[in-house]
Amino acid sequence: MAGAAIFDVDGTLTDTNHLHVVAWWEAFRQAGHTVPMPDIHRAVGLGSGDLIERLLGADRDPGQDEAISSAHTVLYGTYFDRIPAFRRAGDLLRTLAGRDWQVVLATSASGAELAALRRAVDADEVIRATASSDDVDRGKPSAEPVELACRLAGVTPERAVFVGDTVWDMEAATRAGVGAVALLSGGIPRADLERAGADAVYRDVADLLDHLDDSPFGPGPD
């Protein structure tokens, strides 16, 4: 068995980061807060509680958190029937599975949102397991989601590679001791991803698939 191929979903397998930005912006607006969209974009990938605290500060009224998070969920849910997967996302997962990699998702999404994302990727037959926000106490950039993904795949961190698009993904991978592959498809600059621990950076899933043999998923030395 080659190891575990662990994937973030939003911004990595699906083109959804900017949908989240708009949904969060409107959720904050409804609660009386004006939050710049670039700031929201840089926070995407965090769990909802961490995202709200990062954007509104520790001195905010935490009594609003649940309402803001619920508003985001409702607003983002309007996209569920048309979430776009990145080109060749499913092909990449199937190719890795065909090379004996155990494919696991590690995402802050859960429930109906996760189901919609999986429908968009359309590769359920090769996804072995999912480490969602329902399964961990702390989301990325904590190592916990990635460590759980390794356990679900039955491998040690040394035999795992995590693919994501945010600095939170790269920090989680580094803390978990797994290989870290970054994609630029989420809109985060290459330099930021490399500073956060990326071992390799690709344009998107299609670019990674085209260069798979030369990537951390490629064959090791004889």
Side-chain angles (χ1 to χ4, degrees), residues 6 8-12 14-80 83 105-114 116-117 130-149 162 164-178 180 182-198:
I6 306 168
D8 171 62
V9 183
D10 285 303
T12 300
T14 59
D15 191 5
T16 47
N17 279 9
H18 290 88
L19 301 180
H20 276 295
V21 170
V22 171
W24 278 116
W25 177 85
E26 176 61 17
F28 284 123
R29 190 198 67 81
Q30 290 178 7
H33 302 284
T34 300
V35 182
M37 288 194 186
D39 292 350
I40 299 173
H41 180 211
R42 286 190 289 271
V44 166
L46 293 172
S48 60
D50 291 334
L51 182 146
I52 293 169
E53 180 170 348
R54 180 178 179 85
L55 294 172
L56 296 186
D59 58 349
R60 73 196 185 285
D61 173 11
Q64 287 189 317
D65 286 9
E66 184 174 351
I68 293 171
S69 181
S70 295
H72 164 265
T73 298
V74 171
L75 290 160
Y76 183 67
T78 63
Y79 300 113
F80 281 1
I83 284 176
L105 306 182
T107 173
S108 59
S110 62
E113 178 184 347
L114 178 56
L117 293 169
T130 300
S132 78
S133 60
D134 290 337
D135 305 315
V136 296
D137 293 326
R138 294 184 301 157
K140 296 172 284 188
S142 162
E144 191 175 345
V146 182
E147 291 169 343
L148 174 58
F162 180 50
D165 68 293
T166 68
V167 295
W168 322 118
D169 293 328
M170 298 304 99
E171 289 177 5
T174 300
R175 289 169 177 164
V178 308
L183 304 182
L184 300 174
S185 49
I188 303 302
R190 176 187 293 266
D192 291 354
L193 296 166
E194 290 177 339
R195 277 195 297 269

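- With S69 contributing its side chain and E66 its backbone, the two residues share no donor-acceptor pair below 3.5 Å.
- Interatomic distance, CD1 of I83 versus CG of L19, reported as 7.5 Å (0.5 Å rounding).
- Under a 3.5 Å cut-off, the side chain of E26 and the backbone N or O of L75 do not form any donor-acceptor pair.
- Side-chain atoms of S132 come within 3.5 Å of backbone N or O of D134 as a donor-acceptor pair.
- In this structure, CD1 on I40 lies 6.0 Å from CZ on F28, to the nearest 0.5 angstrom.
- When all heavy atoms are compared, the tightest approach of Q64 to A31 is NE2-O, 3.1 Å.
- Looking at heavy atoms from C-beta onward, T16 lies out of side-chain contact with Y79 at the 4.5 angstrom threshold.
- Nearest heavy atom pair, residue A182 against residue M170, reads CB-SD, 3.7 Å.
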Using distance only, find each side-chain donor-acceptor pair of residues 136-145 under 3.5 Å and give its atom names and separation, not counting sequence neighbours.
residue: K140; atom: NZ; partner: D8; partner atom: OD1; Å: 2.9
residue: K140; atom: NZ; partner: A106; partner atom: O; Å: 3.1
residue: K140; atom: NZ; partner: D169; partner atom: OD1; Å: 2.9
residue: S142; atom: OG; partner: E144; partner atom: N; Å: 3.0
residue: E144; atom: OE1; partner: R138; partner atom: N; Å: 3.1
residue: E144; atom: OE2; partner: D137; partner atom: N; Å: 2.9

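- Within the model, atoms CZ of F162 and OG1 of T12 stand 7.0 Å from one another, a figure rounded to the nearest 0.5 Å.
- In this structure the side chain of L117 never reaches within 4.5 angstrom of the side chain of L105, judged on heavy atoms.
- With sequence neighbours left out, H20 forms a ring pair (Phe, Tyr, Trp, His ring centres under 6.0 Å) with H72, Y76.
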**Request:** Could you go through the side-chain contact (heavy atoms from CB on, under 4.5 Å) check for H33 and I68 one step at a time?
**Result:** CA-CA 10 Å; H33 302 284; I68 293 171; 4.3 Å; yes

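- Between W24 and S48, the shortest heavy-atom contact is CH2-CB, 3.7 Å.
- In this structure, the side chain of R60 engages the main chain of G57 through a donor-acceptor pair within 3.5 Å.
- For I52 against D65, the heavy-atom pair with the smallest separation is CG2-OD1, 3.5 Å.
- Distance check, rounded to the nearest 0.5 Å: CG of D50 to CG of L55 gives 10.5 Å.
- Closest approach of T14 and D10 over heavy atoms only: OG1-CA, 3.6 Å.
- Nearest heavy atoms, E113 versus F80: CA-CZ, 3.3 Å.
- Taken to the nearest 0.5 Å, the CD atom of E53 stands 10.5 Å off from the CG atom of L46.
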Under 3.5 Å, which donor-acceptor pairs link side chains of residues 184-197 to any protein atom two or more places apart or in another chain?
residue: S185; atom: OG; partner: G11; partner atom: O; Å: 2.7
residue: D192; atom: OD1; partner: R195; partner atom: NH2; Å: 2.3

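- Between the CG atom of D165 and the CG atom of N17 there is a distance of 5.0 Å, given to the nearest 0.5 Å.
- Counting heavy atoms from C-beta on, the side chains of L56 and V35 come closer than 4.5 Å.
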